[in-house]
Amino acid sequence: MPPKKPIRVRIAPSPTGYLHIGTARTALFNWLFAKSQGGSFILRIEDTDLERSNIAFEKDIIENLRWLGLTWDEGPALEKSEYIGDYGPYHQTKRLASYEKYIKKLLDENLAYYCFCAKEQLEEERQAMLSQGMAPKYSGRCRSLTSEQVQSMITAGDNYVIRFKMPSAQITFKDMIRGSVSFDADLMGDLVIAKNIQTPLYNFAVVIDDYEMNISHVIRGEDHLANTPKQIVIQKALGFNEPQYAHLPLILDKERGKMSKRFAATSIKEYRDQGYLPKTLINFMAFLGWHPQDDREILSNEELIKEFDIKRVQKAGAIFNLEKLDWLNAQYIKTLPDAELLPLLLPFKPQLKDLPERTALKIIATAKDRLKKLSDFKSLTDFFFTMPNYNASLLLWKNTAKDKTIKNLKTILQLLPDALEIKQFAEKEGRGEVLWPLRVALSGKDISPGPFEIMEALEENETKNRINIAIKKLRGDNGL
RNA sequence: GGUCCUAUCGUCUAGCCUGGUCUAGGACGCUGCCCUUUCACGGCGGAAACACGGGUUCGAAUCCCGUUGGGACCA
């Protein structure tokens, strides 16, 4: 038996925007595939579009992939401008010599040719074909140019592109998710593979990179499905082996279109900024188009790797369900110990830092079960930090009289700080009549954690202070 | 417009390959009850789907064909 080809997969983002949720999800599936098969996961930066590429975006992509825990075995090194891995460089802009080599090869072998057709002319032809109900496709006019003609036009400075001679053949490949898929290459027309000898276009560069990086499986979004036959044809012309393909269903927005900013945040950065945990995002993205055999919904990275099977991925697009994301995040937050939550909450409530750790942890404990996102923490706990402002009438439980409420609050003042005695008192007097005004006095809110939870985190003096203020409010003192 | 992909509750999905165990299972959301001073958490229930039409078969969510819907790509 021949030795098994090593499994090598890649994610190849363009740094033309922040790390997109779709890109992250593709990265995750590649990562899961690599991890579950003992293969390598490679990061390649497709930065040939100089105008739209931006180093800040590249940084964002690298940082957030790392934050998600999707670390790569080969690709750009983290801080330094170096690479990990033997197949570098992993930036397309640093691989131009390779592309040039293969473009020349195709040109030399007469498998590609220079095309000088003007854009306007092409567009006209396209419209004409369209109006006849035909598939728009390049006529192949420049195929027959002689090398002398080409030379003279190049020296004359005419604009050109390089086209690949599309064979007339049926291209069939096996998709790991969709099974056999076939296209008629004859319908495609001669593909532009490069703007010039140094400037390859996407479908060409990908083929070269995947070959040179020895990629065994190409796992990518369904939006690339129609690119696949084009790439296969180029591979064949160059004598490359064909990798295995898997096309993932797309993540859709509410209107069933491609995820767009109009509907929800599309970048990982935005979710991170809102306080979604990396574990949440990983778990959630894994379930967008995939499902384990059993009914479990909350799986750790290790469990995901163990269960992952690319054959089980869905064929149809999946709508991004924000409510479920929130629920999942809440589940993960609940499982985190308070002490681990503290540093994560700091960016959302910097004042936590000024508190004794013990107090900070108590505050966190009151909010933990109520958090969907870490960013919820601020509004949920503001009253701990600033004296609440509220109407005196809020202190009255149902139809309890003012005087009675004042009396109850005064009794509480006597009983402080003994929570047990206050509880006994509440049992005797009526829980609502005692605990409601106490809670409102402490929180200033109709909705909040319970009074004893709040007192745990508040200084005893502060507790007394707030109760006194409540009594004053009820008496109508100081115009309160 | 052409090509390709695709179709189970509102949403994510199990089941489909290897037809009967499916009066279709789970989760989110929605909703009723319980717990409870409020909210949240938690617990127990409920409503909610096999796109449609043909065929194959004793029998189809499951296999085949078509229609319709949705999506992607091409410029």
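Numbers restart at 1 for each chain; the letters A, B, ... are given by sequence-line order, proteins then strands.
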Touch class at under 4.0 angstrom, heavy-atom based, for Leu288(A) against every strand present: sugar-phosphate
U6(B) versus U67(B) - spacing of their C1' atoms, nearest Å: 15 Å
Any Arg431(A) side-chain N or O less than 4.0 Å from OP1/OP2 of U37(B): yes
Between G71(B) (C1') and Ile319(A) (CD1): distance, integer Å: 11 Å
Touch class at under 4.0 angstrom, heavy-atom based, for Glu297(A) against every strand present: base
Span that lies between the P atom of G10(B) and that of G55(B), in whole angstrom: 28 Å
Sugar-phosphate only, base, or nothing, as touched by Pro437(A) at under 4.0 Å among non-hydrogen atoms: nothing
Donor-acceptor side-chain pairing of Gln231(A) and Thr228(A) below 3.5 angstrom: no
Between Gln92(A) and Thr48(A): side-chain donor-acceptor atoms closer than 3.5 Å: yes
N/O (side chain, Gln331(A)) to phosphate O (OP1/OP2, G42(B)) under 4.0 Å: yes
Sugar-phosphate only, base, or nothing, as touched by Ser443(A) at under 4.0 Å among non-hydrogen atoms: nothing
Residue Arg370(A), side-chain heavy atoms: nucleotide from U6(B), U3(B), C39(B) that is nearest: C39(B)
Proximity to the side chain of Asp295(A) - top-ranked nucleotide from G25(B), U37(B), C5(B): G25(B)
Interatomic distance at C1', C28(B) relative to C9(B), whole Å: 12 Å
Selection from C5(B), C73(B), U13(B) that lies nearest to any side-chain heavy atom of Ala318(A): U13(B)
Minimum-distance nucleotide (side-chain atoms of Leu250(A) versus G29(B), A72(B), C41(B)): A72(B)
Presence of Arg312(A) side-chain N/O under 4.0 Å of G15(B) phosphate oxygens OP1/OP2: yes
Asn329(A) CG to C28(B) P, straight-line distance once rounded to whole Å: 15 Å
Rounded distance in Å - CD (Glu307(A)) to C1' (U13(B)): 15 Å
Cation over ring face, Lys473(A) and Tyr390(A), 6.0 Å, 45°: yes
Pairwise C1' distance for C5(B) and C22(B), with rounding to whole Å: 28 Å
Any side-chain donor near an acceptor of the partner, Tyr332(A) and Asn283(A), under 3.5 Å: yes
Per Arg439(A) side chain, nearest of listed nucleotides C39(B), U6(B), U37(B): U37(B)
Position toward the 5' end of RNA chain B (nearest nucleotide), Leu225(A) or Pro249(A): Leu225(A)
Strand partner of C39(B), provided both Watson-Crick or wobble distances fall under 3.5 Å: none
Cation-pi geometry met for Lys349(A) and Phe385(A) (6.0 Å, 45°): yes
Atom P, compared across G54(B) and A61(B): separation rounded to whole Å: 14 Å
Nucleotide paired to G10(B) in any strand shown, Watson-Crick or G-U, under 3.5 Å: C28(B)
Sub-4.5 Å side-chain heavy-atom contact between Cys142(A) and Cys117(A): yes
Distance between P atoms of G29(B) and G15(B) (Å, rounded): 23 Å
Parallel, tilted or perpendicular, as decided by the 30° and 60° cut-offs, for the rings of Phe173(A) and Phe183(A): parallel
G-U wobble or Watson-Crick pairing nucleotide for G19(B) (cut-off 3.5 Å, both distances): none
Identified pairing partner of U57(B), criterion: Watson-Crick or G-U wobble below 3.5 Å: none
Phe183(A) side chain, from C-beta outward: closest of G26(B), G29(B), C4(B): C4(B)
Presence of Trp436(A) side-chain N/O under 4.0 Å of U37(B) phosphate oxygens OP1/OP2: no
Separation of atom CD in Gln170(A) from atom C1' in U3(B), rounded to whole Å: 11 Å
Atom pair distance, as rounded to whole Å: NZ in Lys315(A) and P in U8(B): 12 Å
A14(B) phosphate, OP1 or OP2, under 4.0 Å from Gln314(A) side-chain N/O: yes
Touch class at under 4.0 angstrom, heavy-atom based, for Lys230(A) against every strand present: sugar-phosphate
C52(B): pairing nucleotide in any strand, Watson-Crick or G-U under 3.5 angstrom: G66(B)
Distance, P atom - from A14(B) to C63(B), rounded to whole angstrom: 14 Å
Sugar-phosphate, base or nothing in reach of Lys334(A), heavy atoms under 4.0 Å: sugar-phosphate
Given G25(B), A27(B), U37(B), the nucleotide with the shortest approach to the side chain of Trp397(A): U37(B)
Distance-only side-chain donor-acceptor flag, Tyr276(A) / Asp326(A), under 3.5 Å: yes
Nearest listed nucleotide, side chain of His291(A), among U13(B), C39(B), G10(B): U13(B)
Euclidean distance, atom CZ of residue Phe173(A) to atom P of U3(B) [Å, nearest integer]: 17 Å
Strand partner of A72(B), provided both Watson-Crick or wobble distances fall under 3.5 Å: U3(B)
G70(B) and U57(B), which share atom name C1', separated by this distance in whole Å: 31 Å
Atom pair distance, as rounded to whole Å: CD1 in Ile177(A) and C1' in U6(B): 13 Å
Tyr332(A) OH - C28(B) P separation (whole Å): 14 Å
Nucleotide of U3(B), C41(B), C28(B) approaching Leu187(A) most closely (side-chain heavy atoms): U3(B)
Side chains of Gln414(A) and Thr411(A), donor plus acceptor under 3.5 Å: no
Comparing Gln293(A) and Ser180(A) on RNA chain B - which has the more 5′ nearest nucleotide: Ser180(A)
Sugar-phosphate, base or nothing in reach of Gly289(A), heavy atoms under 4.0 Å: sugar-phosphate
Nucleotide nearest Asp223(A) when distance is taken to its side chain, options C73(B), U38(B), G26(B): C73(B)
